[in-house]
There are 2 protein chains.
Amino acid sequence: MAKHEPDLSLLFHALSDPTRRAILTRLAEGPAAVSELSAPTALRLPTVMRHLSVLEMAGLIASSKDGRVRTCAIVPEALLPMRSWLDEQRAIWEARLDRLEDQVMKLMQERGT
Amino acid sequence: MAKHEPDLSLLFHALSDPTRRAILTRLAEGPAAVSELSAPTALRLPTVMRHLSVLEMAGLIASSKDGRVRTCAIVPEALLPMRSWLDEQRAIWEARLDRLEDQVMKLMQERGT
DNA sequence: TTCATGCTTAGCCATACAGCTAACTATATA
DNA sequence: TATATAGTTAGCTGTATGGCTAAGCATGAA
């Protein structure tokens, strides 16, 4: 199994900021212009721009410019790598839990109760 | 719906580092001592300690000290908040996709093809 | 008691991050 | 053409992060 997960770090890092998660949630309602996204944040536009570029670098959003307005939209499939990592981990972690449970069961049987 | 997700940032941040993800994967095989965890990393012990404390702060691992050896173990339920965030997002994002699809369908119908 | 082992703390360094202001570009609109 | 609007770029600041070394416990073995 190759370790082709070079973007997981970018993805997790992008999601580690509340402002960026808020932007994503906002964008889930539909595409929006940069200034629309910055409006509810109490942050300055350049700061929001930076967040947007982090999100875009991570592949979580895409943007295009029409006239002087740039419209941003989510990229739904971007969460897939994260989801599969989570699923992998859950699989291993649960397997480990099961083994542990088995051991406990065995212990209890050996004790005769 | 209350926004009780104060730890999501910690969680995502903890997972944004490849070394820390590697440690987690390693720990999925079973508990391990600090030095066991540092061995395969090519990093110095204090550095690994720092990573461990980040993981522990995020609630992803737990540790206990027996004698002079500290043993770390994963906390399986720690990924749950992340999982539910992901599920929420997916729900919204997919709904959005569906709406978009509907619009396209309607457009095509209006065009008569 | 002495020594090795395993972890811990303190503190240094370079880089990255999140915020800002100020100045600039480009497109509408009057 | 002049002006307002929407983004963009450049560059500054303080803090956080990830790495290190060196020195300091504390415990187990000799």
Side-chain angles (χ1 to χ4, degrees), chain A residues 3 5-27 30-74 82, chain B residues 3 5-27 30-74 82:
Chain A
K3 277 216 174 160
E5 34 167 278
D7 46 355
L8 263 186
S9 295
L10 276 181
L11 214 52
F12 281 123
H13 172 247
L15 294 172
S16 76
D17 185 285
T19 301
R20 287 194 286 266
R21 288 199 304 278
I23 290 179
L24 278 186
T25 308
R26 167 64 231 281
L27 280 180
V34 173
S35 46
E36 283 180 78
L37 292 172
S38 103
T41 55
L43 295 178
R44 299 295 177 179
L45 233 140
T47 307
V48 173
M49 289 274 308
R50 230 182 161 70
H51 284 303
L52 290 177
S53 100
V54 170
L55 287 170
E56 193 155 20
M57 287 299 158
L60 283 162
I61 70 173
S63 74
S64 65
K65 203 166 177 178
D66 180 21
R68 62 184 163 177
V69 75
R70 156 153 271 129
T71 303
C72 303
I74 51 176
M82 203 179 113
Chain B
K3 276 214 175 162
E5 32 167 279
D7 45 358
L8 262 187
S9 295
L10 277 180
L11 213 52
F12 280 124
H13 172 247
L15 294 172
S16 75
D17 184 285
T19 301
R20 285 193 288 265
R21 288 199 303 278
I23 290 179
L24 279 186
T25 308
R26 168 62 230 283
L27 280 180
V34 172
S35 46
E36 282 180 78
L37 292 172
S38 103
T41 54
L43 294 178
R44 299 296 177 177
L45 232 141
T47 307
V48 173
M49 289 275 305
R50 231 183 162 68
H51 284 303
L52 291 177
S53 100
V54 170
L55 288 170
E56 193 155 18
M57 287 299 158
L60 282 162
I61 69 172
S63 73
S64 65
K65 202 165 177 179
D66 180 21
R68 62 185 163 176
V69 97
R70 166 162 308 254
T71 304
C72 304
I74 51 176
M82 202 180 116

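Numbers restart at 1 for each chain; the letters A, B, ... are given by sequence-line order, proteins then strands.
Atom NZ of A/K65 is separated from atom C1' of D/dT9 by 12 Å (rounded to the nearest Å). Rounded to whole angstrom, the span from the NE2 atom of A/H51 across to the C1' atom of C/dA18 amounts to 6 Å. One atom, CG of A/L52, and another, C1' of D/dG7, lie 11 Å apart when rounded to the nearest Å. One can place CZ of A/R70 at 18 Å from C1' of C/dA28, the figure rounded to the nearest angstrom. For A/M57 and C/dA18, the CE to P distance is 14 Å, given to the nearest whole Å. Rounded to an integer number of Å, the gap from A/D17 CG to D/dT17 P is 12 Å. Taking atom CG of residue A/D66 and atom P of nucleotide C/dA26, one finds them 17 Å apart after rounding to whole Å. With rounding to whole Å, B/M49 atom CE is found 16 Å from C/dG11 atom P.
Among the nucleotides C/dG19, D/dA6, D/dT21, the one closest to the side chain of A/R68 is D/dA6. Distance from the side chain of B/H13 is smallest for D/dT17 among the nucleotides D/dT8, D/dC20, D/dT17. In this structure, the nucleotide among D/dG18, C/dA18, D/dC20 sitting nearest to the side chain of B/R50 is D/dG18. The listed nucleotides are C/dA10, C/dC20, D/dG7; the one nearest the side chain of A/V34 is D/dG7. In this structure, the nucleotide among C/dT8, D/dG19, D/dC20 sitting nearest to the side chain of B/R44 is D/dC20.
A close approach under 4.0 Å does occur between a side-chain nitrogen or oxygen of B/S35 and OP1 or OP2 of C/dC7. Considering only side-chain N and O atoms, A/T47 lies nowhere under 4.0 angstrom from the phosphate OP1 or OP2 of C/dA18.
Ranked by how close their nearest DNA chain C nucleotide is to the 5' end, B/A33 and A/L43 are led by B/A33.
Note that the OG atom of A/S63 and the CG atom of A/L55 stand 10.5 Å from one another [nearest 0.5 Å]. Annotation: the span from A/L43 atom CG to A/R50 atom CZ amounts to 13.0 Å, rounded to 0.5 Å. With values rounded to the nearest 0.5 angstrom, A/R21 atom CZ is found 12.0 Å from A/L60 atom CG. Rounded to the nearest 0.5 angstrom, B/H51 NE2 and B/S38 OG are separated by 11.0 Å.
No donor-acceptor pair closer than 3.5 Å links the side chain of B/R20 to the backbone N or O of B/L15.
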